[in-house]
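Taking it in order: structure first as structure tokens, then the write-up.
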Protein chains: 2
Amino acid sequence: MATRTDALTLEVVDLVATVVARYHEEYEDAAAQHSLTGAQARVLALLAHEPLPMRRIAMRLKCEPSNVTGIVDRLESRGLVERRPDPDDRRVKLAAATAEGRRTAGHLKSSLNFAREPLAGLSVAERTVLRGLLQRILGIDPT
Amino acid sequence: MATRTDALTLEVVDLVATVVARYHEEYEDAAAQHSLTGAQARVLALLAHEPLPMRRIAMRLKCEPSNVTGIVDRLESRGLVERRPDPDDRRVKLAAATAEGRRTAGHLKSSLNFAREPLAGLSVAERTVLRGLLQRILGIDPT
DNA sequence: TATTGTTATACTCTATAACTATA
DNA sequence: TATAGTTATAGAGTATAACAATA
């Protein structure tokens, strides 16, 4: 075990903080290019993958369900998302991305170039090492 | 150069996104433990390091200067921050952390345990490799 | 009774534009 | 005239509490 918080660890934490800041910047910029807020972009990305009950969206966003109402309202008024009844439970409303919503989500994902540019400088071996270290940090069992 | 967006790169991007999400969660939680919002905590951390003109705070936060007024107002009303005149330019107001503000910032930093817990599982050698890779990604010249 | 989604309310963060006091 | 900070305003995200419909 290392000392309580050695210089190396602090350096790494600082680098992680910088990565976090830059990632956020790029995400917000990419969202803004499609006239979306960050929260709207996150919900749209979620729904482009699969329709979800309002409450599940709130859990994924780690916010209160009442907030999701407004976010989905704004996405719906732009035709990117629609609300559908759940056949199994009439209390539930399923939010689902429309065709245009899925298209926008696709553009958004590809304009998020954090993926390519910075990682392009790393070799396959280096990216593999990085993947392993990040998995360890996150407590993910490498399958 | 790797292919446009190979599976490995996508995996790493996904891991980075998870790190970003977890870091944010922990930061907001740590701030909330001191009844601070994320923005307030960021400004307080900045000012605990050194006093700054309002405009410089806005540049560091990448937001409009008008927003900083409100954030500093709230910190000031809690006695964590104070506004001082700048002797060199009477237009400028320097925001500075009070003694209590610096204390709060210290607690906040130590309650941000993203630093210790996840990185503790990595050896010194692994942390060194991670530091190098993150520096490469961020385009930082290792001194 | 419990749960799902919504509404109502209040607070914070955000950008824009107009204002003031300095420079 | 240009700049620093503020104010005013409006939109969006957030939590809390209360509500209707359904389970």
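Predicted model only: the values in this text are computed from it and were never measured. We use all heavy atoms of the structure for the numbers below, so side chains are in, but hydrogens, waters and symmetry mates are not. Throughout, a chain's letter reflects where its sequence line sits, starting with A, and its residues are numbered from 1.
Taking hydrophobic clusters as Ile, Leu, Val, Met, Phe, Trp and Tyr residues chained together by side-chain heavy-atom distances below 4.5 Å, B:Leu119 shares a cluster with B:Val124. B:Met54 and B:Leu61 fall within a single hydrophobic cluster, where Ile, Leu, Val, Met, Phe, Trp and Tyr are joined by side-chain heavy atoms under 4.5 Å apart, directly or via other members. Linking Ile, Leu, Val, Met, Phe, Trp and Tyr residues whenever their side-chain heavy atoms come within less than 4.5 Å places A:Leu134 and A:Ile140 in a single cluster.
A donor-acceptor contact under 3.5 Å links the side chain of B:Ser66 to the base of C:dT16.
Contacts with DNA chain D (heavy atom under 4.0 Å) in residues 75-94 of chain A: A:Asp89, A:Arg90, A:Arg91, listed by number. In the region residues 30-38 of chain A, proximity to DNA chain C at under 4.0 angstrom, judged on heavy atoms, holds for none of the residues.
To the nearest angstrom, C1' of C:dC13 lies 12 Å from CD of B:Glu64. If you take CD1 of B:Ile71 and P of C:dA15, they are 10 Å apart, rounded to a whole angstrom. The CZ atom of B:Arg74 sits 8 Å away from the C1' atom of C:dC11 (whole-angstrom rounding). Atom NE2 in B:His24 sits roughly 11 Å away from atom P in D:dT14 (whole-Å rounding). When rounded to the nearest whole Å, the span between CG of A:Asn67 and C1' of C:dG5 equals 13 Å. Taking atom CZ of B:Arg55 as the reference point, atom C1' of D:dA2 lies 11 Å away to the nearest angstrom. At whole-Å resolution of the value, CD in B:Gln40 and P in C:dC11 are 14 Å apart. One can place CD1 of B:Ile57 at 15 Å from C1' of C:dC13, the figure rounded to the nearest angstrom.
Between A:Leu112 and A:Tyr23, the closest side-chain pair of non-hydrogen atoms falls below 4.5 Å. Counting only heavy atoms from C-beta outward, the side chains of A:Val68 and A:Val43 never approach each other to under 4.5 Å. B:Arg55 is listed as a side-chain neighbour of B:Pro65, based on a closest heavy-atom distance under 4.5 Å.
One finds a side-chain N or O of A:Thr69 lying less than 4.0 angstrom from the OP1 or OP2 phosphate oxygen of C:dT6.
Counting only distance, with no hydrogens or angles, the side chain of B:Arg83 and the backbone of B:Ala95 share no donor-acceptor pair below 3.5 Å. Put simply, the side chain of A:Gln33 never gets that close to the backbone of A:Ala30: no donor and acceptor are under 3.5 Å apart.
With B:Val13 as the fixed residue, the side chain to side chain contact (heavy atoms under 4.5 Å, CB included) test singles out one of B:Thr9, B:Val16, B:Leu15: B:Thr9.
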